[in-house]
Amino acid sequence: MLVGLRYYWERIAHAFVTLLAVTTITFALFRLMPGSPADAMRAEFERRLAGSGQTADPEVVDQMIRVHTGFDPDKPIYIQYVEYLRDVIIYQDFGQSIQYGDPVFDILFAAMPWSIFISVYGLAFGYTANILLGAAMAYREGSRFDSYSTVAATFLNSIPYYVGAFFFLAFFAYDIGWFPGSGRYGRGLEQGLNPEFMWSIVHHGTLPIMSSFIVGFGGGALAMRGNSVRILGEDYLRVARLRGISSSRIATRYVARNAILPLYTQMMIGIAAVFSSSVVLEYIFTYPGVGWYTYDAIMRRDYPLLMGSFLFFTIVTLIGILIAEFTYGIVDPRAGSGDQSEAY
Amino acid sequence: MKHTDETETATDGGEQLSDDQLFGQLAEADRVQLSRRERFGLLLDAYVLTPGRVAWSDWRTRVGILVISLFFFTGVVAKASTSNWWLLEHVTIVESPATNQAPTNHQPFDGGFAAITEEGGWMDTTASFPWVEFNAPLGSTNYGEPIGRQLIHSTPDMIEMVVAGAFVSVGLAILIGITAGYKGGKTDSVLMSITDIVMTMPAIPLVIVIAAIYPPREAWLVGVILAIDAWPGLARALRSQVLTLREESYVEASRTMGIPSTTILSRDITPQLMPYILINAAQAGRSVIFESVALYFLGVLPFTTANWGIMMDTAYSEGFALVNMANFYQIFWPMMAVVIISFGLILFSQGMDRVFNPRIRARHSKKVGGSEDHEH
C-alpha cells in the first residue's frame, strides 16, 4: 500500500493543473457574460453618486473599479487574467464583492464551514446508509426484504433532493414546527462553544442535512448490493469458509471491504454533486453558506464573488478527490501501485 | 425458457426445408432461399422481439416502459392540442392553461367523488366535444390556472429537453470515452484531463453562468446546456470498458488484419458497449429533468412556456405552498411528475440492464426465482 512519493506529487500537480484550467475557463466565461463586471460596477457607482447629488468623474470611477474588482478596465484581457491569477495565488486576494463591499475571500471563508457542515454530514450519512442497506440486501438476496428494499431504494433514488427539501420544509418546519425553516442558528444567542449555540446549529442544520442525505442515497445502496452479491459468489469466500474463518470476519474483511471499493470511487464524484447541489439547497433553506452566496452573486451579477465561489467549489472538490485518491490505497491494497489505478 | 422456443418456430416459419433436403443442400443455398423479407424478420426477431420479450418479463421494464410511454403520450396530446397543422387545427384534447379558467386556489378533487360529474365539478360530461372536459381536477393556482393543464402542456418541452440532453451527453461521452480508451497515450491523457476538468467544475453554478451568457429560449437548448456536466462520468466509465475490450482477441485480430481504427471502433467495440450506453442514456435523461427543474425553480433559466420548475417556483413564491399547507398541492403535483418520470426511467434502465447482461439474467432465473415469480 505504500505508494511512491512521486505519485503523490504527480497527483497534486495534476490537481493544480486542473485548478488552473478551471480558473482560466471561469475567467473566460465571466468575460463572455453580458455586461462586464466593470460595466456593472460603473453603473452601480454612477447611480450611487447621482443619488448623493454628485456627478461621476470617470477617472474616479475607474479608480474605484480597480480597487473593487482588481480589474483595470483599460488593460488587455490577458494582462487582467495574469494579474487576477497573481492576486489569487500570491495574495489570496479574490477581489471585493460589489454587493457587500467586503473582500470576497472573507465572505466565502466565513460561509465555507457552514456549507461543508451540511454537505459533508449529508454525504457521510447517505453513504453509511447505502453501505448498511446494500449489505443487508445482498445478505438476504432474493428474500422479500431484498425485493421490497430494492423498490424502496429505487424510489428514493428517483426523488430529487430539492423535492425532499420541500417536503421536509413543509411538514417538519412549517406544519409540525419541529425544526426552523431558515437560517444557520437562532437569533440572540451568544456565539461560541456554549451548549445552546451548538444545539441551535444542529437544530438548524438538520433539515438541510436530511435533504443532502437524499443526494447520495438510493443508487448507492443498489450498487453496494450488486457488488456484494457478485463477491458472495467468489471462490475465495468458499475457501475462507472452509478454513473456518468466522462469518463476521468474512462479512467485514472479505465481502464489505471489496464491495465498498467501487462505492468509494463513486463518492469522489458525489463530492462534486453535493457541493453543486448546495446552491439549490441553501437557497431553499435560506442557509447562508457558499451556495447561497453563489446564488445571490448570480442574481445581483456580483462577478468577483461569483468567481470566488466558483473557485471555492472547485478547490473543495479537488481536495476531496485528492484525499480520496490518497486513501484509496488504504481501502484497497491492490490499488496501491497508484499509477495504474483508475481512481475516478 | 419458453420464449426461445416460440422464437424458433417463428423464425423457421418461412421457407420450409423438407427433411430429405436437409443433407443434400449447401449452407449458402439455404441462405439464398431466404427472401429479404424473411431476413428482415430474422433480424427483427434477434434484435427486437426476443430482447423485447425478455425485457417485458421483468416487471421493472414493464412499469418503466409504461411510465415513459405515458410521458410521450401526454406530450402528443399536448402537442396536438396546440398544433396549427391543418388536420389538428380544431382538435383540442386538453385546453391550454390560462388564468381564470378555474376559481383561484381551487382545491384538488374539490367536493370529493360526489362532485365528479356535478356542474362545475372536476369532470364535466356536458362538454360539447365527445370527450369529457376536466375542470381542474388537480386544483388551480393563485391565478386560477388549472394545474393539470399546466402539467400536460409542459410535457412536450420536457421531452424535447430530455431527449436533446440525453442525446448530446451520451454522444459526447461515446466520442471522448471510446477514443481515449482506444487510442491511449497522449490522446488519452489529454481527453481525460479535459474530462477531469469538466467533472471538477461545479455543475449547477456552471450551467447557471452559461445560461446567463446565453439565455436558452428553446427547450432543446436547455437540454444541451445541461448535458455539459452529464457526460464526464459516462466518458470515464466507457473509457475503462474500452481499455479491457481492446485487449480482447477479436479486436486484436482485427488490428493485425490492418482494419482501420474507425471500423474497429464502430464495428467491434461500440456494439459491445451499447447496453451500457443505453442504460446511461436513461440516467442522463433523468439528470436533465432533475437539473432543469431545479434551475427553472431558481429562476435562472428564462421563463418561456409552462414548465414543472416554473410551476414549483410560482407555487413557492406566490402560492406560499410550503408555509400554507392548504396550498401544498400546488407544489406537490409538479414534484410528483418529476418523481414519477425519474422512477420510470430508473426502472427502465434497471430492466434493460437485465436484458443486456445475460449473466445477471441467468443468475436471476436460476437463483432468485422466488423474488421474481411471487408477483406473477
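What you are looking at is a predicted structure, and each value in this text was computed from that prediction instead of being measured.
Residues A/I159 and B/F290 approach most closely at C-CZ, 4.1 Å, considering heavy atoms. A/V151 and B/F343 get closest at one heavy-atom pair: O-CE1, 4.3 Å. Here the closest heavy-atom approach between residue A/S277 and residue B/I204 is recorded as CA-CD1, 4.4 Å. What you find for B/R286 and A/N157 is that their closest heavy atoms are NH2-O, 2.9 Å.
Residues of residues 280-287 of chain A having a heavy atom under 4.5 Å from any heavy atom of chain B, listed by number: A/V280, A/Y283, A/I284.
With chain A as the partner, the residue from B/V293, B/L347, B/I194, B/L295 showing the most heavy-atom pairs under 4.5 Å is B/V293. The residue among B/L206, B/T195, B/V338 with the most heavy atom pairs within less than 4.5 Å of chain A is B/L206. Most heavy-atom pairs under 4.5 Å with chain B, from the set A/V17, A/T294, A/T26, A/V163: that is A/V163. Taking chain B as the reference chain and counting heavy-atom pairs below 4.5 Å, the highest number among A/Y161, A/F310, A/F167 is found for A/F310. Ranked by heavy-atom pairs under 4.5 Å with chain B, the list A/T314, A/T150, A/L311 is led by A/T314.
Looking at A/F155 and B/V339, their side chains come closer than 4.5 Å, going by heavy atoms from C-beta outward. You'll find the side chain of B/S193 reaches within 4.5 Å of the side chain of A/H14, heavy atoms only.
For B/L298, the parts sitting under 4.5 Å from any heavy atom of chain A are the backbone and the side chain alike. Only the side chain of A/Y162 comes within contact range of chain B, judged by heavy atoms closer than 4.5 Å. Proximity to chain A (any heavy atom under 4.5 Å) is shown, for B/M192, by neither the backbone nor the side chain.
Distance alone, capped at 3.5 Å, places no donor-acceptor pair between the A/S158 side chain and the B/S342 backbone.
For CZ of A/F145, the number of neighbouring non-hydrogen atoms (other residues, nucleotides, ligands) closer than 6.0 Å is greater than 12. Within 6.0 Å of atom OH in A/Y139, 12 or fewer heavy atoms from other residues, nucleotides or ligands are found, so the atom counts as exposed in its surroundings.
Between atom CZ of residue A/F171 and atom CE of residue B/M325 there is a gap of 3.5 Å, rounded to the nearest 0.5 Å. The distance from atom CG of A/L318 to atom OG1 of B/T200, rounded to the nearest 0.5 Å, is 5.0 Å.
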Q.
Does A/T154 form a side chain to side chain contact (heavy atoms under 4.5 Å, CB included) with B/R60? I'd like the steps, not just the answer.
A. CA-CA 10 Å; A/T154 311; B/R60 287 177 296 193; over 6 Å; no
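Taking the six-membered ring where the residue is Trp, B/F297 and A/F166 present perpendicular rings, their angle passing 60° and hence far from 30°.
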